[in-house]
Amino acid sequence: MIAGFEYHPEYLTREEQENLLTEIREMIKSNHLFQPSMPKTDKPFSVAMTSFGSLGWVSDKAGGYRYQSFHPVTKRPWLPIPDKLLSIWSDLTGYTEPPECCLLNYYQNEKAKMGLHRDQDEQDFNAPVLSVSLGDSALFRLGGLKRQGPTTSTKLNSGDIVILGGEARNAYHGIDRILYGSSQLLKNGGRINLTLRRVNKA
DNA sequence: AAGTAGCG
DNA sequence: ACCG
């Protein structure tokens, strides 16, 4: 296991998860989910996305992977990151500067997954990446700094938090599978992952 | 390029 | 078919 991987199982209580979800559901009404697609090939992701914060992560054929200050469909600025998430960032990372991006990945069905990749569209690799899981459980795979090499698998349940810091900040990782129907938190099923990141250097 | 396919 |  690469250094800098932190797993905090059951960090959020059921009530905290429900409160966070209620807030997010309201935000998504105007800060809509959209379907990103791959650079060059235009192939769609199996997950739907949106972001909160001063910068959001987007991808499409025309522009490639990037951060931008506005929603790609509505062209409006992203809504602010919920205070609860800022508190979690502060409490768990101890990182002085607040996250600029909260990327929301919605794994809507049993086919949704995220291939092995590294988060490398940011300028500040000293800051950790923090992820909150809500809803159905997922199989999370973590490798090393090269695409080839040994990996470990961790089942992430609703309310769990993962931090990729230190060496693990730049490690390959992905979601192999959603254990669809394993949680009742989301009434329509599926999994929501919230990822907090610094983008620019402090 | 965070995609898919294909292999053992 | 599933898994790594």
Side-chain angles (χ1 to χ4, degrees), chain A residues 1-2 4-5 7 28 31-53 55-73 78 81 99-125 127-156 160-165 167-182 190-200:
Chain A
M1 173 80 68
I2 192 165
F5 170 70
Y7 177 46
I28 285 177
N31 202 109
H32 313 283
L33 293 165
F34 62 93
Q35 186 178 39
S37 59
M38 292 291 288
K40 300 178 185 173
T41 65
D42 207 28
K43 292 202 174 189
F45 285 45
S46 60
V47 302
M49 293 181 177
T50 193
S51 289
F52 308 123
L55 292 168
W57 189 85
V58 301
S59 175
D60 53 41
K61 186 180 183 182
Y65 296 170
R66 65 199 185 275
Y67 283 95
Q68 64 183 38
S69 61
F70 58 93
H71 191 287
V73 177
W78 310 99
I81 299 174
E100 293 158 296
C101 176
C102 173
L103 176 62
L104 187 160
N105 289 327
Y106 179 38
Y107 298 78
Q108 185 161 15
N109 57 54
E110 58 267 44
K111 297 294 183 186
K113 53 188 181 294
M114 182 74 72
L116 213 57
H117 69 281
R118 294 193 290 176
D119 295 4
Q120 49 185 353
D121 302 314
E122 301 79 21
Q123 304 297 321
D124 186 354
F125 293 122
V129 172
L130 184 154
S131 126
V132 179
S133 295
L134 294 175
D136 287 336
S137 301
L139 295 181
F140 173 74
R141 180 171 299 278
L142 178 64
L145 301 181
K146 298 176 181 176
R147 185 175 281 278
Q148 293 185 340
T151 62
T152 57
S153 192
T154 305
K155 187 166 95 169
L156 301 182
D160 292 355
I161 289 184
V162 161
I163 297 175
L164 298 180
E167 269 202 277
R169 169 62 182 78
N170 295 313
Y172 277 90
H173 60 279
I175 294 293
D176 288 338
R177 197 156 75 86
I178 300 299
L179 305 178
Y180 197 78
S182 53
R191 171 178 189 259
I192 288 174
N193 186 64
L194 300 162
T195 313
L196 301 175
R197 298 188 183 87
R198 283 292 303 177
V199 179
N200 297 310

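Note: hydrogens, waters and symmetry copies are ignored here, and every other heavy atom, side chains too, is used. Letters go in sequence order (proteins before strands), and every chain restarts at 1.
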Fill in: Partner set under ring pair (Phe, Tyr, Trp, His ring centres under 6.0 Å) for A:His71, not counting sequence neighbours
A:Phe34, A:Trp78

Worksheet item: What are the two closest heavy atoms between A:Leu116 and A:Gly174, and how far apart are they?
Response: CD1-N, 3.8 Å

Worksheet, complete the sentence: Residue set satisfying salt bridge (charged side-chain N to carboxylate O under 4.0 Å, His left out) with A:Glu100, at least two apart, ordered chain then number -> A:Arg198

Discussion item. Looking at A:Ser182, is its backbone amide N or carbonyl O close enough to the side chain of A:Asp136 to form a donor-acceptor pair, meaning the two atoms are under 3.5 Å apart?
Written reply: yes

Worksheet item: Between A:Asp124 and A:Arg169, is there a side-chain N and carboxylate O pair less than 4.0 Å apart?
Response: no

Worksheet entry | Nucleotide-resolved protein contact map, nucleotides 3-8 of chain B, B/S/- at heavy-atom distance under 4.0 Å | B-----

Worksheet item: Which base sits across from B:dG3 as a Watson-Crick or G-U pair, both distances under 3.5 Å?
Response: none

Fill in: Nearest heavy atoms of A:Ile2 and A:Ala171, plus distance in Å
CD1-CB, 4.0 Å

Fill in: A:Tyr172-B:dA2 aromatic stacking (under 5.5 Å, under 30°)
no

Item to complete: Measure the distance from CG on A:Asn105 to C1' on B:dA2 and round it to the nearest whole Å.
Response: 9 Å

Worksheet, complete the sentence: A:Phe34 CZ to B:dA2 C1', in whole Å, measures 13 Å

Discussion item. What is the distance, to the nearest angstrom, from the CD atom on A:Glu110 to the P atom on C:dC2?
Written reply: 11 Å

Worksheet entry | Close side-chain approach of A:Tyr65 and A:Gln120, heavy atoms under 4.5 Å | no

Worksheet item: Starting at CZ of A:Arg66 and ending at P of B:dA2, how long is that distance when rounded to a whole Å?
Response: 16 Å

Practice prompt. Could I get the full list of side chain to side chain donor-acceptor pair (under 3.5 Å) partners for A:His32, not counting sequence neighbours?
Written response: none

Practice prompt. Starting from Watson-Crick (N1-N3 plus N6-O4 or O6-N4) and G-U wobble pairs under 3.5 Å, report the runs of at least three that DNA chain C belongs to.
Written response: none

Fill in: Length of the CD1-P vector between A:Ile175 and C:dG4, whole Å
13 Å

Fill in: Partner residues of A:Ser59 under the side chain to side chain donor-acceptor pair (under 3.5 Å) criterion, sequence neighbours left out
none

Discussion item. Without decimals, in angstroms, what is the distance between A:Met49 CE and B:dA1 C1'?
Written reply: 12 Å

Worksheet item: Which part of the nucleic acid, if any, lies within reach of A:Asp121 when heavy atoms closer than 4.0 Å are counted: base, sugar-phosphate only, or nothing?
Response: base

Worksheet entry | Spacing of A:Arg118 atom CZ relative to B:dA1 atom P, expressed in whole Å | 12 Å

Worksheet entry | Between C1' of C:dC2 and NZ of A:Lys111, the distance in whole Å | 11 Å

